[in-house]
Amino acid sequence: MLTKSTLYVVATPIGNLRDISLRALDVLAEVDIIAAEHIHISGHLLAHHRITTKTITLHQHNESIVAEKIKALLDAEKTVAIVTDAGTPGISDPGGIIVNLLHNQGYQVVPIPGANAAICALSAAGIIHPNFLFIGFLPNKTVARKRTLETLTSLPFTLIFYEAPHRIIGCIKDLITVFGTQRQITIARELTKLFETIHRCSLGDALTWLEADSNQQKGEFVLLLTGAETIDKGIISDQAQHTLQVLLQDLPLKQAVQLAVTITGENKNSLYKQALLIKDDSIS
Ligand code: SAM
């Protein structure tokens with residue numbers, strides 16, 4: 001049962017048409033209007049699930065105009081859903097302008113969660129470090145791209161990028177120029193689709209791997225790059241701090257540090273220094 005005068009922000013699949021929640025299907029079938037980024041793409045999904053709701057077009061260049069239309073519909077006590085071509089609206093996709101405008105004017109906005117390429121890649125990459133930073137698309141041109149990348153070199157978070165097939169080689173080359181060859185990268189390609197590939201290697205090896213097989217340069221990409229080492233600053237995450245504290249209650253210092261390295265993946269020296277501080281505090 002939907003609430004009148006409400007906008008529903010509905011996540012759709014990033015490939016496999018069955019990756020959509022039951023609630024999303026209910027909402028798409030029940031709303032009065034669906035505003036879709038490209039009607040022919042969403043039409044495929046709607047037809048697959050036998051949904052016949054009326055659609056209007058929503059894309060980046062007409063978001064403000066569509067926002068006005070949606071407002072008029074909500075004022076007439078209608079319900080509206082927005083969907084993009086793939087994944088979660090507003091994440092490197094249209095949606096943000098409409099949602100911002102509706103919130104500012106007191107309308108109700110309800111998220112219907114589901115697929116997102118970044119989170120999907122992260123879930124299967126096996127990255128132990130708990131913090132990440134979503135960058136999305138980098139600038140198209142190499143000079144601007146490198147300038148953006150240079151602002152990220154010291155951040156101790158996994159960096160998440162979206163990339164298109166025609167820019168993948170150029171992007172990896174720029175990543176190597178700015179970050180060197182040693183950082184680990186996960187290349188997540190064509191997630192949930194026939195040629196899904198999740199490849200983990202060093203940045204240096206990534207270029208060789210991609211260039212060895214042109215098929216690996218096709219499709220849609222999420223790139224996950226490990227963050228800067230925290231060794232120089234001795235910074236550890238709150239989670240690592242908590243893990244150390246718990247382990248130190250029952251284990252000798254060296255063993256606790258070793259286990260904390262395994263659990264958190266954080267720098268051994270930084271964890272060791274922190275363990276000494278925790279021990280000192282507990283004695284004084
Ligand atoms: N809103 C979407 C989301 O929630 O992830 C992102 C839309 S953005 C316009 C499209 C980009 O997302 C692609 O260029 C690619 O970088 C990434 N992407 C989308 N689907 C993907 C997939 N199946 N596999 C890998 N990357 C994907």
Side-chain angles (χ1 to χ4, degrees), residues 7-21 23-24 27-28 34-42 44-45 48 57-63 66 81-100 109 111-127 132-141 145 148-149 152 158-172 174-175 185-201 206 209-210 213 215-225:
L7 176 76
Y8 292 86
V9 182
V10 182
T12 58
I14 56 167
N16 189 317
L17 293 183
R18 294 184 67 75
D19 288 336
I20 185 157
S21 74
R23 186 168 170 231
V27 168
L28 292 176
I34 299 172
E37 187 181 6
H38 291 106
I39 285 171
H40 64 282
I41 296 178
S42 302
H44 184 51
L45 172 78
H48 181 85
T57 307
L58 145 77
H59 45 72
Q60 247 139 15
H61 311 295
N62 74 353
E63 239 189 284
V66 173
I82 56 170
V83 296
T84 53
D85 292 349
T88 302
I91 312 295
S92 296
D93 256 345
I97 294 174
I98 291 176
V99 171
N100 181 44
V109 178
I112 308 293
N116 166 255
I119 299 300
C120 178
L122 203 54
S123 74
I127 290 168
F132 61 87
L133 181 65
F134 175 70
I135 307 295
F137 289 108
L138 287 162
N140 292 345
K141 299 256 166 66
R145 188 158 59 211
T148 302
L149 291 174
L152 307 172
T158 299
L159 301 174
I160 307 184
F161 306 105
Y162 281 170
E163 200 45 280
H166 59 284
R167 283 195 299 265
I168 187 69
I169 293 285
C171 177
I172 297 287
D174 287 348
L175 286 172
I185 187 163
T186 301
I187 301 176
R189 184 178 83 90
E190 293 289 87
L191 292 165
T192 77
K193 301 187 201 174
L194 186 60
F195 295 109
E196 178 178 85
T197 311
I198 297 169
H199 183 76
R200 308 190 323 165
C201 60
W209 182 76
L210 282 167
D213 180 358
N215 284 324
Q216 297 296 2
Q217 299 167 30
K218 294 177 184 159
E220 299 189 281
F221 292 86
V222 180
L223 305 175
L224 309 177
L225 187 70

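Remember, it's a predicted structure, so these values are computed and weren't measured experimentally. For ligands, and for the atoms within them, numbers begin at 1 and follow the listed sequence. Numbers here simply count residues along the sequence, with the first being 1.
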Report each N/O pair between ligand 1 and the protein that falls under 3.5 Å, naming both atoms.
residue: ligand 1; atom: 1 (N); partner: Ala86; partner atom: O; Å: 3.2
residue: ligand 1; atom: 1 (N); partner: Thr88; partner atom: O; Å: 3.0
residue: ligand 1; atom: 1 (N); partner: Ile91; partner atom: O; Å: 2.9
residue: ligand 1; atom: 1 (N); partner: Asp93; partner atom: OD2; Å: 2.8
residue: ligand 1; atom: 4 (O); partner: Thr88; partner atom: N; Å: 2.9
residue: ligand 1; atom: 4 (O); partner: Asn116; partner atom: ND2; Å: 2.8
residue: ligand 1; atom: 5 (O); partner: Asn116; partner atom: ND2; Å: 3.2
residue: ligand 1; atom: 5 (O); partner: Ala117; partner atom: N; Å: 2.9
residue: ligand 1; atom: 5 (O); partner: Tyr162; partner atom: OH; Å: 2.6
residue: ligand 1; atom: 16 (O); partner: Glu163; partner atom: N; Å: 3.2
residue: ligand 1; atom: 16 (O); partner: Glu163; partner atom: O; Å: 3.4
residue: ligand 1; atom: 16 (O); partner: Phe221; partner atom: O; Å: 2.6
residue: ligand 1; atom: 20 (N); partner: Glu220; partner atom: OE1; Å: 3.3
residue: ligand 1; atom: 23 (N); partner: Ile14; partner atom: O; Å: 2.9
residue: ligand 1; atom: 23 (N); partner: Leu191; partner atom: N; Å: 3.4
residue: ligand 1; atom: 23 (N); partner: Leu191; partner atom: O; Å: 2.9
residue: ligand 1; atom: 24 (N); partner: Leu191; partner atom: N; Å: 2.8

- Item | Side-chain (Glu190) to main-chain (Phe195) donor-acceptor, under 3.5 angstrom | no

- Task: Kindly state whether the ring of Phe134 and the ring of Tyr162 have centres lying under 6.0 angstrom apart.
- Result: yes

- Check: Ala125 main-chain N/O paired with Arg200 side-chain donor or acceptor under 3.5 Å: yes

- Query: With a 4.5 Å limit on heavy-atom distance, are the side chains of Thr84 and Pro94 in contact?
  - Reply: yes

- Expected output: side-chain Thr192 to main-chain Asn16 donor-acceptor under 3.5 Å: yes

- Could I get the full list of side-chain contact (heavy atoms from CB on, under 4.5 Å) partners for Asp174, not counting sequence neighbours? Thr142, Arg145, Lys146, Leu149

